[in-house]
Amino acid sequence: MKSVFIDQWTENSPALAASLTERLFLKGMRELSLHFITYERLPQTPLWGEQLQIAYPDMDLSIQWHVMDRGLRLREKLQIVRSHLCQIVQHADYILLPLGGGEANLQQMITHEALQLFPDKVVFWVEEAGNENVVWMKQYAANRQLYHHVHELISAGNFKAVKKLLTKRVANPQVMQLLDLGLSLKTLDLSRKQAEQYFTILIEVLQHLDSELLEEEIAYIKRMMKLPAGDQKAFISFLYNYAELLYEQQELIDFIVIYYRLAEETLLYALGWDVRNDLNDSAFPFLVRKDAKYALPLTKQEKLTKHFHRYMKILSREVRHIEKKENVRIRRDKCVGLERLSPRDRYFADLYLFFNEKSFETFLDLRHEGVSGHGFADFTKEKFEALLGGQTPLQKIDAILTYLSLKPNYSIFQLVQKAVLGLIAHETLQGVNSNDT
């Protein structure tokens, strides 16, 4: 029976290897291959390795190192780990994986890939208070089943069900706090104090789980902290992320509602406007953004309400004015003379051509056909994409969001999911200890 042991090389590796070898030798195993992944090249067999082989002459014992470039991206490291596993485990009966020690993200990579590729061969080596325990895969299955159930629910954005499932099953309070964050995001019921607390926890957890967390990801989370304060860019990013989640889960009635709000808020931003946060019922609700490169004028006499069609009416009027002033034609069926326009006029012409595009206009009108509006239409992704010329609704709006530098590169929901799953994975791995060997 051949066993292979796979771990990241640390200063504790010699002691762990000696303890493991002794345990397996006493259990009657006579073939063991020790494999260590390291960021620095080491001698073929250092002194402790030679001593270990001398101590167990009746055991077929080999030691190998696998060097990995520390500067590689996470995805590249994952590919290397997968390749090494396939080579190492080819003729092995058991895969021994340690729990604890080394870098958390590297250990999780090794464990995840081993479980995916060779679930029936995995054995866990657990060290607690100086005692070693061997945990077989069948003993680990219950916790893995819990993890996969959580993964399925949280990937669907069902934070409420996950919270119910994990109540009294997890010890780390950050899990419940992150689930509360997910729930609060879906309802936008989030105070400034809660946002600061929850998003700070999210950053701390992600940094612990992933040492290569990008500064851009952290900056994105910090931007989302401004949601309760009514930050317009944060709100647009949130709407996009939420629409993305709903579309993936085929919750298309809710998707249409959120997508319409995304288009509405994007148009408001594009016109150079924002909504006042500190207003009473009689106050004019709009203001010109201070950072707007171009903005249409606002007058309190304008009968302007918070609706997409009202914004389009103002934009259409501006475009007709540009046509008359510059003697050009700006229509969705045909444009003439756009190259003669100033940067400012061309900007508003481009906005008009996008938001007034026929298929986009027709798609937004679907909001009134479903049960969220006044009708009973049955929505499907195929219907949406056929209407938009083969594009998904989000691909369609990506063009204007990119033009306005508003398209988010990350999803706040996916970042919360990643943090929760990382904590659950850590608990399911560390929560196993058994002496039944």
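In this structure, Tyr311 and Thr305 approach most closely via the heavy-atom pair CE2-O, 3.4 Å. Of all heavy-atom pairs spanning Ala295 and Val288, the tightest one is CB-CG1, 3.7 Å. Taking both residues in full, the closest heavy atoms of Ile330 and Ala349 are given as CD1-CB, 3.9 Å, listed atom of the first, atom of the second, then distance. The minimum heavy-atom distance between Cys86 and Phe118, with the atom names listed, is CA-CZ, 4.2 Å. Nearest heavy atoms, Ala17 versus Phe36: CB-CZ, 4.3 Å. Here the shortest heavy-atom pairing between Leu388 and Pro393 reads CD1-CA, 3.5 Å.
Side-chain contact, Thr266 with Glu264: no donor N or O sits under 3.5 Å from an acceptor N or O. Side chains of Tyr294 and Asp345: no donor on one and acceptor on the other come within 3.5 Å. With 3.5 Å as the limit, one finds a donor-acceptor pair spanning the side chains of His35 and His66.
In this structure the side chain of Leu364 never reaches within 4.5 angstrom of the side chain of Met312, judged on heavy atoms. Using a 4.5 Å cut-off on side-chain heavy atoms (C-beta onward), Asn172 and Val175 make contact. In this structure the side chain of Tyr198 never reaches within 4.5 angstrom of the side chain of Leu178, judged on heavy atoms. Counting only heavy atoms from C-beta outward, the side chains of Ile424 and Leu166 approach each other to under 4.5 Å. Annotation: side chain of Leu267 is not in contact with side chain of Trp273 (no heavy-atom distance under 4.5 Å). Leu185 has its side chain within reach of Leu227: a pair of non-hydrogen atoms, C-beta onward, lies under 4.5 Å apart. Looking only at side-chain heavy atoms (C-beta outward), Gln177 and Gln174 come within less than 4.5 Å of each other. Annotation: side chain of Met176 is in contact with side chain of Thr167 (closest heavy-atom distance under 4.5 Å).
Ring pair Phe363/Phe384 is perpendicular by interplanar angle, where above 60° counts as perpendicular and below 30° as parallel. Between Phe238 and Phe413, the two ring planes are tilted [angle within 30° to 60°].
One N or O on the side chain of Glu76 and one on the backbone of Arg73 form a donor-acceptor pair closer than 3.5 Å. Gln194 places a side-chain N or O within donor-acceptor distance of the main-chain N or O of Ser191, the cut-off being under 3.5 Å. Here the side chain of Lys121 pairs a donor or acceptor atom with the backbone of Ala92 at under 3.5 angstrom. In this structure a side-chain-to-backbone donor-acceptor pair under 3.5 Å is present from Lys186 to Gly157. Side chain of Ser237 to backbone of Lys233: a donor-acceptor contact under 3.5 angstrom is found. No donor-acceptor pair under 3.5 Å is formed between the side chain of Arg346 and the backbone N or O of Leu341. Without hydrogens or angle criteria, Glu251 side chain to Leu246 main chain gives no donor-acceptor distance under 3.5 Å. A donor-acceptor pair under 3.5 Å links the side-chain atoms of Gln395 to the main chain of Thr392, judged by distance alone. A donor-acceptor distance shorter than 3.5 angstrom exists from the side chain of Asn241 to the backbone of Tyr410, with no hydrogens or angles considered. Of the possible donor and acceptor atoms, one in the side chain of Tyr347 sits under 3.5 Å from a partner among the backbone N and O of Ala270.
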Review point. Going through the checks in order, is the salt bridge (charged side-chain N to carboxylate O under 4.0 Å, His left out) test met by Arg261 and Glu265?
Key: CA-CA 6 Å; Arg261 283 292 292 119; Glu265 195 67 28; 3.6 Å; yes
Exercise for review: Would you please test Glu323 and Arg331 for salt bridge (charged side-chain N to carboxylate O under 4.0 Å, His left out) and show each step?
Suggested key: CA-CA 10 Å; Glu323 284 184 320; Arg331 304 298 168 96; 3.0 Å; yes
Review point. Hey, mind stepping through Leu315 and Asn356 against side-chain contact (heavy atoms from CB on, under 4.5 Å) and telling me if it holds?
Key: CA-CA 10 Å; Leu315 178 58; Asn356 196 50; over 6 Å; no
Check your understanding: Which is it for Glu357 and Lys396 under the salt bridge (charged side-chain N to carboxylate O under 4.0 Å, His left out) test, yes or no, and what are the steps along the way?
Key -> CA-CA 11 Å; Glu357 199 264 331; Lys396 183 69 177 179; 3.2 Å; yes
Check your understanding: Can you list the steps and then say if Val205 with Val420 is a side-chain contact (heavy atoms from CB on, under 4.5 Å)?
Key -> CA-CA 9 Å; Val205 170; Val420 171; over 6 Å; no
Check your understanding: Taking it one step at a time, do Leu366 and Leu387 satisfy side-chain contact (heavy atoms from CB on, under 4.5 Å)?
Key -> CA-CA 11 Å; Leu366 291 178; Leu387 185 59; 4.0 Å; yes
Exercise for review: Give the intermediate values and the outcome of salt bridge (charged side-chain N to carboxylate O under 4.0 Å, His left out) for residues Lys163 and Asp180.
Suggested key: CA-CA 8 Å; Lys163 187 173 181 180; Asp180 285 337; 2.5 Å; yes
Check your understanding: Which is it for Trp48 and Ile63 under the side-chain contact (heavy atoms from CB on, under 4.5 Å) test, yes or no, and what are the steps along the way?
Key -> CA-CA 11 Å; Trp48 70 267; Ile63 305 170; 4.1 Å; yes
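Heavy-atom neighbours of Gln249 CD from other residues, nucleotides or ligands within 6.0 Å: above the threshold of 12. By the 6.0 Å contact criterion, NZ on Lys381 is enclosed, its count of non-hydrogen atoms from other residues, nucleotides or ligands being greater than 12. Heavy atoms from other residues, nucleotides or ligands lying under 6.0 Å from NZ of Lys226 number 12 at most.
Ile221 contributes atom CD1, which lies 12.0 Å from atom CD of Glu216 (distance to the nearest 0.5 angstrom). Put simply, OG on Ser33 and CD1 on Ile95 are 12.0 Å apart, with the number rounded to the nearest 0.5 Å. Atom CD1 of Ile154 sits about 12.0 Å away from atom NE2 of His149, to the nearest 0.5 Å. Leu34 CG to Ile6 CD1: the interatomic distance, rounded to the nearest 0.5 Å, is 10.5 Å. Once rounded to the nearest 0.5 Å, the distance linking CG of Asn409 with NZ of Lys407 reads 6.5 Å. In this structure, CD1 in Ile203 is found 8.5 Å from CG in Leu206, a value given to the nearest 0.5 Å.
The cationic group of Arg367 does not satisfy the cation-pi geometry with Phe308, failing either the under 6.0 Å distance to the six-membered ring centre or the 45° limit from the ring axis.
Every side-chain hydrogen bond (donor to acceptor under 3.5 Å, both in side chains) that Asp291 has, sequence neighbours left out, goes to Arg289.
Checking Leu183, Leu181, Leu421 one by one against Val416, the side-chain contact (heavy atoms from CB on, under 4.5 Å) holds for a single residue, Leu181. Looking at Phe255, Tyr242, Tyr259 one by one, the single match for ring pair (Phe, Tyr, Trp, His ring centres under 6.0 Å) with Tyr247 turns out to be Phe255.
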